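Reading through the structure tokens given below for one structure.
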Amino acid sequence: MKFVTVCGAGVGSSVMLKVFAQNILSDEGIAGSVEAADISSLNPYDYDVIITSSAFAERLEGQVKHLIIMDNMLDQAYLRSQILSLVSEEEAVR
């Protein structure tokens, strides 16, 4: 799966979320890639999953298969649960 984390400039919260997501994928043995991007240069159709804050979620809804909205950027347990849920969902479809 291709993940992207998105914020306003692509160097702040998106980089932090990228590290969190990479750690989760690694810890869980999930194959996937994670990139960080800014909202203005993002092509949402290039990714399976977008991880972002509620501030950018409205702009992205309907443009991607999966959208994880992080209201608390530091809530790694929530992010883990969302990623694991999506991966299970994808595996069930295959």
Side-chain angles (χ1 to χ4, degrees):
M1 294 181 87
K2 287 183 70 176
F3 294 80
V4 65
T5 58
V6 179
C7 70
V11 295
S13 56
S14 65
V15 172
M16 179 183 66
L17 287 171
K18 175 185 174 185
V19 170
F20 293 165
Q22 286 173 324
N23 289 341
I24 293 165
L25 295 179
S26 177
D27 291 348
E28 299 292 336
I30 299 168
S33 63
V34 186
E35 297 177 19
D38 65 277
I39 189 71
S40 61
S41 66
L42 175 73
N43 180 354
Y45 303 106
D46 289 342
Y47 302 95
D48 301 307
V49 181
I50 294 178
I51 304 168
T52 192
S53 68
S54 54
F56 300 110
E58 276 188 33
R59 292 173 61 180
L60 297 167
E61 285 180 330
Q63 298 182 46
V64 67
K65 189 172 184 180
H66 301 290
L67 181 63
I68 298 174
I69 302 169
M70 298 293 296
D71 289 319
N72 177 352
M73 295 290 193
L74 300 176
D75 191 348
Q76 294 182 56
Y78 175 78
L79 181 58
R80 180 179 302 273
S81 72
Q82 294 299 298
I83 289 173
L84 292 177
S85 176
L86 290 176
V87 169
S88 293
E89 194 178 297
E90 285 295 311
E91 288 176 351
V93 172
R94 290 183 192 167

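Please read all numbers here as calculations on a predicted model, not as lab measurements. Reckoned from all heavy atoms, side chains included, excluding hydrogens, waters and symmetry mates. Each residue takes its place number in the sequence, starting with 1.
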Is Y47 reachable from V19 through a run of hydrophobic residues whose side-chain heavy atoms are each under 4.5 Å from the next? no
Nearest 0.5 Å, what's the OG-CG distance between S81 and D75? 7.5 Å
Find the distance between OG (S14) and CG (D38) and round it off to the nearest 0.5 Å. 8.0 Å
So which atom in L67 and which in A57 form the shortest heavy-atom distance, rounded to 0.1 Å? CD2-O, 3.8 Å
Given S26 and N23, is the side-chain hydrogen bond (donor to acceptor under 3.5 Å, both in side chains) satisfied, shown in steps? CA-CA 5 Å; S26 177; N23 289 341; over 6 Å; no
K65 and E90 ion-paired at < 4.0 Å: yes
So do the side chains of S53 and M70 get within less than 4.5 Å of each other, counting heavy atoms only? no
Grab the two heavy atoms, one from I68 and one from Q82, that are nearest each other, plus how far apart they are. CD1-CB, 3.8 Å
Quick one: does I51's side chain get under 4.5 Å of F20's, heavy atoms only? no
Taking T52 for the side chain and V6 for the main chain, is one N or O donor matched with an acceptor at less than 3.5 Å? yes
As an exercise, state the distance from CZ of F3 to NE2 of H66, rounded to the nearest 0.5 Å. 8.5 Å
L79 with L74, same ILVMFWY side-chain cluster at under 4.5 Å: yes
Taking all heavy atoms of P44 and all of L60, pick out the closest pair and write down the distance. CB-CD2, 4.5 Å
Could you give the distance from CD1 (I69) to OG (S54), rounded to the nearest 0.5 Å? 7.0 Å
Heavy-atom side-chain proximity of R80 to E28 below 4.5 angstrom: yes
Which atom of Q76 lies closest to which atom of I24, heavy atoms considered: O-CD1, 4.1 Å
Got K18 and E35 here, is their nearest side-chain heavy-atom distance under 4.5 Å? no
Heavy-atom pair with the smallest gap, counting every atom of V4 and A37: CG2-CB, 3.8 Å
To the nearest 0.5 Å, how far apart are CG in L42 and CD1 in I50? 5.0 Å
Taking all non-hydrogen atoms of both residues, which atom of D48 and which atom of M1 are closest, and how far apart? OD2-CA, 3.3 Å
Find the distance between CD (E89) and CG (L84) and round it off to the nearest 0.5 Å. 12.5 Å
Given side chains that start at C-beta, do those of T5 and V34 come closer than 4.5 Å, heavy atoms only? yes
Treat each ILVMFWY residue as a node, draw an edge where side-chain heavy atoms are under 4.5 Å apart, and state whether V49 and Y78 are in one component. yes
